[in-house]
Amino acid sequence: MRSEAVSKPMMHNNDDDDSKPLVFKKSFVKDRDQSHRKPFDMSGDSEDDTTLRSIISIATEQKINGNTTLDKPSRTSRDDESDDVEAPISSRLQKKKHVRESSGNDEKKLLVKKFQNGSKLESEKPKVSGKRLLEKDSSADQFSMKKHKASSSTAKQDSTKTENLGGKSKAVVSPNETDDDDDDDDVPIAKRIKSDSSSNNKTPSAKPKETKQSSTSSTRKPKVTRAASPPPKKNSKRSKKKWTTLVHNGVTFPPPYQPHGTKILYKGKPVNLSPDQEEVATMFAVMREREYYNKPLFRKNFWNDWRKLLGKKHVIQKLDDCDFTPIYEWHLEKKQCLPFDNVQKNKDSKEKKQEQGEKYMWAIVDGVKEKIGNFKVEPPGLFAGRGEHPKMGKFKRRIHPHDITLNIGKDAPIPECPIPGERWKEVKHDNTVTWLAMWNDPINPKDCKYVFLSPSSSQKGHSDKKKYEKARKLKDHIESIRETYTKNFNSKDVSKRQIAVATYLIDKLALRAGNGKDEDEEADTVGCCTLKVDNVECIHPNQLKFDFLGKDSIRYENTVEVEPPVYKAIGQFKAGKSNSDDLFDEIDSRKLNAHLNELMPGLTAKVFRTYNASITLDKTLCRETKDGGDVSQKKLVYDQANKEVAIICNHQRAVPKSHGAQVKKLKDKIDELKEGLKQLKTNLKRAKKGEAPLEGSDGKKTRNISPEAWEKKIAQQTMKAEKMERDMQTKEDLKTVALGTSKINYMDPRITVAWCKRNEVPIEKMFTKTLQEKFTWAMDVEPDFRF
DNA sequence: AAGGGGACTTGGCGTCATGTAC
DNA sequence: GTACATGACGCCAAGTCCCCTT
């Protein structure tokens with residue numbers, strides 16, 4: 001079942017077409033769920049026209065832009081542009097003066113103490129946006145990356161404090177600023193840590209660790225890695241210091257399993273199960289409505305694991321003879337009951353839970369309170385991989401404290417293990433990494449699961465910003481990179497030619513790099529470097545048809561016209577191979593990235609996705625936004641641009657369950673309106689002739705009004721119907737397109753913020769609360785910012 | 001130079017919360 | 001106030017890319 005993906009060949013001028021990936025008619029179909037996923041239809045003529053037009057005009061703009069970038073000051077090759085270079089320096093300097101200290105000891109002591117006690121720090125300070133402490137009055141002027149101190153009283157006083165370390169007196173800035181450059185390197189890390197720890201040692205809350213730990217387990221202690229961190233490697237990115245002090249309370253665990261005692265039927269007879277067996281049976285039973293439930297592989301893997309729990313001699317010998325209905329019904333009932341009688345109870349328990357979670361939700365990183373992303377360890381369950389995952393249905397066992405490695409400041413108190421009698425696997429103090437806790441994935445023990453700070457943290461914000469700065473840097477190199485690969489399309493060296501063509505595809509189609517994968521352990525998906533011969537079809541004279549499963553088993557289906565040398569090269573790469581052979585047999589993502597790194601330091605394949613997404617948004621917005629118009633019209637322009645980006649990146653979603661019903665509803669309403677219009681028009685005619693209006697369909701008498709009044713009514717109705725039709729069209733357009741992913745990961749938020757400022761659109765119309773928090777660093781961008 | 005492991009970003013989906021129409 | 005639609009967000013899977021080892 002393959003959807004139509006025949007695209008109109010697009011004639012594009014190579015020289016001009018350097019700003020945007022080739023996006024042609026693309027069928028958006030998920031392979032794994034084709035039954036209800038219809039092709040994403042861009043075939044509406046108007047749609048095609050827009051796309052065509054937009055590409056042409058973007059291409060034109062790109063030329064202009066190519067020039068405008070020249071007026072940027074030239075930069076050193078160092079990473080130093082990542083700090084607000086785009087904003088007027090004068091405006092920044094003042095803000096930066098308000099830097100974060102690292103010597104406000106009294107304050108820190110207080111903070112850690114309160115934190116350990118689980119008291120809510122917010123209570124000390126007016127709360128903004130629920131969690132982060134922002135000073136309303138002054139913060140607007142502050143350095144965008146800066147977070148406010150978790151404790152308020154001294155924040156202002158220490159704002160210009162300097163630190164004297166290693167004989168050097170310098171303003172101490174947040175780690176976000178320091179770890180970008182190598183300033184830290186002048187001061188031995190050990191020295192810095194020492195200096196910090198000496199202050200922390202006095203922290204009243206830093207109780208003796210032994211006491212803390214032994215409170216739950218008297219003799220055994222977790223392995224505590226006392227070494228500051230792995231031996232720091234010179235010039236190694238990974239060895240860069242990510243924090244100086246780190247305090248947190250560890251992680252929480254899901255509650256133990258509560259047996260419900262409902263019995264499944266085996267060959268019609270109830271069967272007793274132990275709590276362990278019942279727990280896993282319940283996981284399976286409640287999945288009845290999911291697609292997985294009937295997949296043979298899912299059932300096979302489940303049965304394998306469940307059977308281990310049942311034991312070979314158990315009365316249950318065959319999964320197909322089991323009837324899980326009683327448990328399923330018990331589950332439904334439980335779910336249904338909740339909203340009715342337990343509204344209040346539910347609320348209460350929720351609040352209670354939140355309060356308990358509060359303690360674990362925050363970390364203090366270099367004296368700043370930051371939200372943690374996922375402090376709850378994953379509950380046990382049945383593994384649900386994406387696509388045809390070989391491990392689907394396997395039982396994912398419960399995670400215990402002895403699976404968990406904590407990473408925490410050397411001088412922070414070691415969090416108490418929340419489960420009495422158990423202990424952490426290990427406690428590390430590695431400040432070259434950002435994770436707070438880690439465990440091995442039970443499904444794939446080689447894999448690790450991490451607890452990180454939330455996206456709203458300055459740590460994450462900082463790396464986010466760096467990512468976009470790197471993508472912006474690509475602007476300055478893209479021309480020569482394109483020249484290079486174009487030249488190499490004809491290289492006699494096959495490797496070189498493959499690198500050139502692969503780079504071209506990554507640039508033009510925003511493909512992912514495509515790392516090698518373990519065939520037995522993972523679903524069979526590919527990226528650029530791992531494309532198979534039969535994923536690309538050559539269509540004479542110079543079109544390529546791509547059809548493969550990408551990340552998350554999302555199907556990528558696209559037919560594009562390419563330059564003749566690329567067409568020829570692909571033909572050569574395919575020649576003499578079988579369908580399942582690698583198209584690019586000479587290269588892999590490492591080689592490709594090594595090559596890219598030579599063209600621009602730090603350049604990797606994924607930067608092209610960021611670059612293409614952001615530049616497309618920027619250009620489309622600038623081109624399409626008209627002066628005037630209300631906010632909702634502006635938003636429509638934005639959403640269209642967003643959609644364009646999502647299509648470039650192939651961000652799809654399943655058609656919403658109720659989509660059909662909703663469209664039908666809208667259609668019915670439109671029909672109704674049209675029917676009403678007919679009647680209105682009749683009445684208008686009658687009114688003009690001086691006749692009384694006809695009776696309404698409900699038999700009621702209709703008020704006699706003037707022809708002008710009828711006309712007004714008709715105009716109103718028509719508008720309403722047109723709006724509904726537009727809504728329906730939008731709904732249909734977007735039914736398989738996921739806008740969120742590109743907004744969260746690919747489009748430089750400064751483009752959006754600047755656009756909002758220029759067009760007087762409130763930022764909350766474009767970014768949810770969470771996104772605004774994630775993008776704090778982008779909020780004070782100048783209105784004239786261009787990507 | 002190749003492979004493995006570690007750390008971090010990206011991604012779709014389900015569920016819960018909130019908004020809106022009636 | 002209720003029912004439904006929509007949007008937000010948490011969850012956790014699945015990528016990318018880097019460093020280290022062999």
Side-chain angles (χ1 to χ4, degrees), chain A residues 30 32-33 230-231 233 235-240 242 289-291 335 338-339 346 350 373-379 381 383-387 389 391-392 396 405 407 430 432-435 438 440-441 443-455 459-460 463-464 466-467 512-518 521-523 525-530 550-554 588-594 596-597 602-607 609-610 613 646 649-654 656-659 661-662 665-666 669 731 736 738-746 767-771 773-774:
Chain A
K30 272 195 184 179
R32 63 187 140 117
D33 198 2
K233 292 272 176 318
N235 303 324
S236 139
K237 252 189 191 170
R238 284 277 157 75
S239 71
K240 263 186 193 165
K242 301 285 174 39
E289 298 301 319
R290 303 283 211 87
E291 213 192 319
K335 223 166 61 174
L338 274 180
N346 210 15
K350 215 171 227 173
N374 53 327
F375 54 89
K376 294 177 189 163
V377 306
E378 291 170 18
F383 177 76
R386 317 254 166 90
H389 199 293
K391 298 196 172 182
M392 65 168 80
K396 191 172 76 167
T405 301
N407 190 34
D430 183 354
T432 68
V433 295
T434 65
W435 54 267
M438 187 219 85
N440 287 102
D441 179 15
I443 291 293
N444 218 335
K446 283 189 295 186
D447 285 351
C448 306
K449 300 272 194 177
Y450 297 94
V451 172
F452 291 113
L453 293 180
S454 93
Q459 210 175 62
K460 292 281 189 193
S463 64
D464 211 25
K466 258 168 79 177
K467 173 182 77 184
R512 296 187 184 83
N515 288 318
K517 295 179 75 181
D518 193 334
E521 311 254 316
E522 288 154 295
T525 62
V526 300
C528 183
C529 294
T530 46
K551 182 178 178 182
D552 291 311
S553 293
I554 299 289
D588 59 25
S589 63
R590 288 168 199 254
K591 285 178 188 156
L592 182 84
N593 280 336
L596 294 176
N597 190 56
L603 182 62
T604 61
K606 86 186 182 86
V607 181
R609 272 169 83 79
T610 314
C649 294
N650 200 34
H651 290 146
Q652 300 185 41
R653 60 167 180 166
K657 269 182 199 147
S658 55
H659 178 80
Q662 283 168 31
K665 220 171 167 181
L666 271 174
K669 272 207 169 148
K731 193 168 261 200
T736 58
L739 298 184
T741 312
S742 48
K743 212 181 216 179
I744 294 169
N745 298 299
Y746 286 105
F767 289 152
T768 63
K769 185 170 70 75
T770 330
L771 268 193
E773 282 160 6
K774 173 177 158 109

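All of these numbers come straight from a predicted model, not from anything done at the bench. Worth knowing before you read on, the calculation uses all heavy atoms, side chains too, and leaves out hydrogens, waters and symmetry mates. A note on names: the letters A, B, ... follow the listed sequences, proteins ahead of strands, and every chain is numbered from 1.
Summarising the geometry, atom CG belonging to A/Leu739 is positioned 7.5 Å from atom CZ belonging to A/Arg653; distances are rounded to the nearest 0.5 Å.
Atom CG in A/Asn597 sits roughly 15 Å away from atom C1' in C/dT16 (whole-Å rounding). Following rounding to the nearest Å, A/Asp552 (CG) and B/dG11 (C1') show an atom-to-atom distance of 5 Å. At whole-Å resolution of the value, NZ in A/Lys743 and C1' in B/dT10 are 17 Å apart. Regarding A/Lys657, its NZ atom lies at a distance of 13 Å from the C1' atom of B/dG12, rounded to whole Å. Whole-Å rounding puts the A/Asp518 CG to C/dA14 P distance at 13 Å. The separation between A/Lys466 atom NZ and B/dC8 atom P is 11 Å, rounded to whole Å. The nearest whole Å value for the distance from the NZ atom in A/Lys774 to the C1' atom in B/dG11 is 12 Å. Put simply, CG on A/Asn650 is 10 Å from P on B/dG11, counting in whole angstrom units.
Using a 4.0 Å heavy-atom cutoff across all strands shown, A/Lys731 reaches sugar-phosphate atoms only and no base atom. Contact annotation for A/Ala523: no contact, since no heavy-atom pair falls under 4.0 Å across all strands. In this structure, A/Gly516 reaches neither bases nor backbone, as no heavy-atom distance under 4.0 Å exists between it and the strands shown. Counting any heavy atom pair closer than 4.0 Å across all strands shown, A/Ser589 reaches no nucleic acid atom. Note on A/Thr525: only backbone sugar-phosphate atoms sit closer than 4.0 angstrom, heavy atoms only; bases stay farther off. Residue A/Gln662 is in sugar-phosphate contact alone, with no base atom involved, counting any heavy-atom pair closer than 4.0 Å across all strands shown.
A/Ser658 meets the side-chain hydrogen bond (donor to acceptor under 3.5 Å, both in side chains) test with A/Gln662; sequence neighbours excluded. Under the side-chain hydrogen bond (donor to acceptor under 3.5 Å, both in side chains) criterion, A/Asn515 pairs with A/Ser589, sequence neighbours left out. Every side chain to side chain contact (heavy atoms under 4.5 Å, CB included) that A/Asn593 has, sequence neighbours left out, goes to A/Leu596, A/Thr604, A/Ala605. Every residue two or more places apart in sequence or in another chain that forms a ring pair (Phe, Tyr, Trp, His ring centres under 6.0 Å) with A/Tyr450 is listed here: A/Trp435, A/Phe452. In this structure, the side-chain hydrogen bond (donor to acceptor under 3.5 Å, both in side chains) partners of A/Lys396, at least two apart in sequence or on a different chain, are A/Glu378. Residues forming a side chain to side chain contact (heavy atoms under 4.5 Å, CB included) with A/Arg290 (at least two apart in sequence, or on another chain): A/Met287, A/Tyr292. Scanning for side-chain hydrogen bond (donor to acceptor under 3.5 Å, both in side chains) contacts around A/Asp588 gives an empty result, with sequence neighbours left out. Taking A/Asn597 as the reference, nothing meets the side chain to side chain contact (heavy atoms under 4.5 Å, CB included) condition, with sequence neighbours excluded. For A/Lys467, the side chain to side chain contact (heavy atoms under 4.5 Å, CB included) criterion is met by A/Asp464, A/Lys606, A/Thr610, not counting sequence neighbours.
Counting only heavy atoms from C-beta on, A/Lys665 has its side chain closest to C/dA5 among B/dG6, C/dC17, C/dA5. Distances from the side chain of A/Asn515 to the nucleotides B/dG12, C/dT16, B/dC13 place C/dT16 closest. Candidate nucleotides B/dG11, C/dC17, B/dT9 were compared by shortest atom distance to the side chain of A/Thr741, and B/dG11 ranks first. With B/dG11, C/dA14, B/dT9 as the choices, the nucleotide that has an atom nearest any side-chain atom of A/His651 turns out to be B/dG11. The side chain of A/Val433 sits closest to B/dC8 out of B/dC8, B/dG12, B/dT9.
Other residues, nucleotides and ligands contribute over 12 non-hydrogen atoms within 6.0 Å of the NZ atom of A/Lys391.
At C/dG15, one or more side-chain N or O atoms of A/Lys517 fall inside 4.0 Å of OP1 or OP2 (strictly under the cut-off). Look at A/Gln459 and you won't find any side-chain N or O under 4.0 angstrom from OP1 or OP2 of B/dC8. A close approach under 4.0 Å does not occur between any side-chain nitrogen or oxygen of A/Lys391 and OP1 or OP2 of C/dA13. An OP1 or OP2 oxygen of B/dT10 is reached within less than 4.0 angstrom by a side-chain nitrogen or oxygen of A/Lys467. For the pair A/His389 and C/dA14, the criterion of a side-chain N or O lying under 4.0 Å from OP1 or OP2 is met. At the phosphate of B/dT9, neither OP1 nor OP2 sits under 4.0 Å from any side-chain N or O atom of A/Asn745. Within the structure, every side-chain polar atom (N or O) of A/Tyr746 is placed at least 4.0 Å from both OP1 and OP2 of B/dT9.
When each of A/Asn593 and A/Ala384 is assigned the nucleotide of DNA chain C with its nearest heavy atom, A/Ala384 is the one assigned upstream, toward the 5' end.
Listed here is the closest heavy atom pair of A/Gln459 and A/Lys242: NE2-O, 3.6 Å. Here the closest non-hydrogen pair linking A/His659 and A/Lys731 is CE1-O, 3.7 Å.
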Using a cutoff of under 3.5 Å, can you pull out all pairs of nitrogen or oxygen atoms linking the protein to nucleotides 2-4 of chain B, with atom names and distances?
{"from": "B/dG3", "atom 1": "N7", "to": "A/Arg590", "atom 2": "NH1", "distance (Å)": "3.4"}
{"from": "B/dG3", "atom 1": "O6", "to": "A/Arg590", "atom 2": "NH1", "distance (Å)": "3.3"}
{"from": "B/dG4", "atom 1": "N7", "to": "A/Arg590", "atom 2": "NH2", "distance (Å)": "3.3"}
{"from": "B/dG4", "atom 1": "O6", "to": "A/Arg590", "atom 2": "NH1", "distance (Å)": "3.0"}
{"from": "B/dG4", "atom 1": "O6", "to": "A/Arg590", "atom 2": "NH2", "distance (Å)": "2.8"}

Grab the N/O contacts between the protein and nucleotides 18-22 of chain B below 3.5 Å, and write none if there aren't any.
{"from": "B/dC22", "atom 1": "OP1", "to": "A/Lys669", "atom 2": "NZ", "distance (Å)": "3.1"}

Please write out each protein N/O paired with an N/O of nucleotides 9-12 of chain C under 3.5 Å, distance rounded to 0.1 Å.
{"from": "C/dC9", "atom 1": "OP1", "to": "A/Thr770", "atom 2": "OG1", "distance (Å)": "2.6"}
{"from": "C/dC9", "atom 1": "OP2", "to": "A/Thr768", "atom 2": "OG1", "distance (Å)": "2.9"}
{"from": "C/dC9", "atom 1": "OP2", "to": "A/Thr770", "atom 2": "OG1", "distance (Å)": "2.2"}
{"from": "C/dC9", "atom 1": "O5'", "to": "A/Thr770", "atom 2": "OG1", "distance (Å)": "3.0"}

- Task: Please step through side-chain contact (heavy atoms from CB on, under 4.5 Å) for the pair A/Lys449 and A/Asp447, ending with a clear verdict.
- Result: CA-CA 7 Å; A/Lys449 300 272 194 177; A/Asp447 285 351; over 6 Å; no
